[in-house]
Structure formats: structure tokens, C-alpha cells
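One structure is given here, and the rest of the page talks about it.
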Amino acid sequence: MKCPFCGFLESKVIDSRPAEEGTTIRRRRECLACQKRFTTYETIEHLPLVVVKRDGSRQQFDRVKLINGMVRACEKRPVTLSQLEKIADEIEQELQSALEREVSTVEIGEMVMNRIKLVDEVAYVRFASVYRSFKDINTFMDELTKLLSDK
């Protein structure tokens, strides 16, 4: 780490502690040349994740949109916001861990449906009806039949 006072490239860490709810590490350093102390902050680098929509347009991944979609599907259901945030965390972590920087809405929708099905089946059917754009009652019944046969 370059000293902000003399520009020397080596320093020693005197103290490290978590900051900002554990998302950052605050380090107190001492320059090995001039002995002056300074503070640095380390954060995890998140590469931008781009979502490719059905019409081919691209936009940055938005965790809030993901949660809002699940909240709408879970309206008046016994599903807590913390459960939905956990699902969003899992999905975001899985997407960040993947080597791809672009992901389609189809992949994200499937990830949501696989997880929400385990939490609440009614919410799953609601989400699937919007996500898969059910055109008529027959496609809705097909999804319900598939859900019942999985049990």
C-alpha cells in the first residue's frame, strides 16, 4: 500500500476490524519509511451483472426488482420478507459466482420459481402465471397438474 505522505510502497498493518456491517474491512497502517499512520478500507469487488431481457435489451441486475416480483406473488400469503430476501441473496450469490457477466431473465425466473416453490406453492403458481405469461386456463391447469404430480 502506497503511503499517502511519502509515497513509500511498504507498510505494516497495525489494526484490522470490520466496518459497515461487515461488508468492509478497516485497516490502520504504518509506513515503514516515515512511520506515519493512515487508514485504508477494503471492500469486495462486485462485477456488474447485466440482465438480458426477452426483447433483447440489457440492463443492470436489480435486486430490488427481484424482491418486488416475489413480494407481489406472495401477497396475502404466509411468507416473510426475510424469506424472500434470503432467496434473493441466494440467487444473487449464485449469479455473482458464475463466470458469465450476462444472464437472461429466463434463467433468473427459473431460479426464483425453483426456490419459491419450496416456500409457498400458491406464490409459486402466481409467479409462474406472470413469468410464463399464461394465455388461458389450460396452460394454468397444465402448471397445476405438473405441480400436483411432483408431490
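Just so it is clear, the values below take in all heavy atoms, side chains as well, and ignore hydrogens, waters and symmetry mates.
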Hey, are the side chains of [X] and [Y] touching, using non-hydrogen atoms and a 4.5 Å cut-off?
X     : Y      : value
Val52 : Val103 : no
Glu85 : Arg63  : yes
Gln60 : Val51  : no
Ser11 : Cys3   : no

- Task: Quick one: list whatever passes salt bridge (Lys or Arg N to Asp or Glu O under 4.0 Å) with Asp15, sequence neighbours left out.
- Result: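 So Asp15 forms a salt bridge (Lys or Arg N to Asp or Glu O under 4.0 Å) with Arg17.
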- Message: Glu110: which residues meet the salt bridge (Lys or Arg N to Asp or Glu O under 4.0 Å) condition with it, sequence neighbours left out?
- Response: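 Per chain and number, Glu110 pairs via salt bridge (Lys or Arg N to Asp or Glu O under 4.0 Å) with Arg132.
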Hey, what do you get for [atom1] ([X]) to [atom2] ([Y]), rounding to the nearest 0.5 Å?
X      : Y      : atom1 : atom2 : value
Ile116 : Phe127 : CD1   : CZ    : 6.5 Å
Lys12  : Gln35  : NZ    : CD    : 8.0 Å
Arg28  : Thr39  : CZ    : OG1   : 3.5 Å
Lys65  : Thr105 : NZ    : OG1   : 10.5 Å

Hey, quick one: are [X] and [Y] part of the same hydrophobic cluster, counting side-chain heavy atoms closer than 4.5 Å, chains of contacts allowed?
X      : Y      : value
Val50  : Leu66  : no
Val125 : Val130 : no
Val13  : Ile25  : no

- Message: On a heavy-atom basis, which atom in Arg126 and which in Ser129 lie closest, and how many Å separate them?
- Response: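 Result for this residue pair: O-OG, 2.7 Å.
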- Query: For Arg26 and Ala19, which heavy atoms make the closest approach, and how far apart are they?
  - Reply: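 Shortest heavy-atom separation between Arg26 and Ala19 comes out as CB-CB, 4.2 Å.
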- Test item: Arg115 side-chain N/O and Ala88 main-chain N/O as donor-acceptor pair under 3.5 Å: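 Not a single qualifying donor-acceptor pair exists.
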- Item | Any donor-acceptor pair under 3.5 Å from Arg58 side chain to Gly56 backbone |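 Yes; at least one donor-acceptor contact below 3.5 Å.
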- Query: Glu107 and Leu95: side chain to side chain contact (heavy atoms under 4.5 Å, CB included), yes or no, with the steps?
  - Reply: CA-CA 10 Å; Glu107 292 175 64; Leu95 294 173; 5.7 Å; no
- Examine the side chains of Arg29 and Thr40 and answer whether a donor and an acceptor come within less than 3.5 Å of each other.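 The criterion, which ignores hydrogens and geometry beyond distance, is satisfied for Thr40 and Arg29.
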- With sequence neighbours excluded, residues passing side chain to side chain contact (heavy atoms under 4.5 Å, CB included) with Ser57: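 For Ser57, the residues satisfying side chain to side chain contact (heavy atoms under 4.5 Å, CB included) (neighbours in sequence not counted) are Lys53, Asp55.
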- With Ala33 via side chain to side chain contact (heavy atoms under 4.5 Å, CB included) - residues at least two apart: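 Checked Ala33 against side chain to side chain contact (heavy atoms under 4.5 Å, CB included); matches are Cys6, Phe8, Cys31.
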- Using the side chain to side chain contact (heavy atoms under 4.5 Å, CB included) rule, take Met70 and Val112 through it: C-alpha gap first, then chi angles, then the decisive distance, then the call. CA-CA 8 Å; Met70 291 188 294; Val112 170; 3.8 Å; yes
May I have the list of side-chain donor-acceptor pairs in residues 71-81 shorter than 3.5 Å, sequence neighbours left out?
unit_1	atom_1	unit_2	atom_2	d
Arg77	NE	Asp120	OD1	3.0
Arg77	NE	Asp120	OD2	3.3
Arg77	NH2	Asp120	OD2	3.1
Thr80	OG1	Ser82	OG	3.1
Thr80	OG1	Gln83	N	3.2
Thr80	OG1	Gln83	OE1	3.3

- Go through the steps for Glu121 and Lys117 under the test salt bridge (Lys or Arg N to Asp or Glu O under 4.0 Å), then give the verdict. CA-CA 5 Å; Glu121 291 176 341; Lys117 184 192 292 188; over 6 Å; no
- Hydrophobic side-chain clustering at under 4.5 Å (ILVMFWY, transitive links): who's grouped with Phe38? Put none if nobody.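 Its cluster partners, ordered by chain and number, are Met1, Phe5.
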- Check ion pair Glu42-Arg27 (N to O, under 4.0 angstrom):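 Salt bridge present between Glu42 and Arg27.
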- Steps toward side chain to side chain contact (heavy atoms under 4.5 Å, CB included) verdict (Tyr124, Leu118): CA-CA 8 Å; Tyr124 164 77; Leu118 302 173; over 6 Å; no
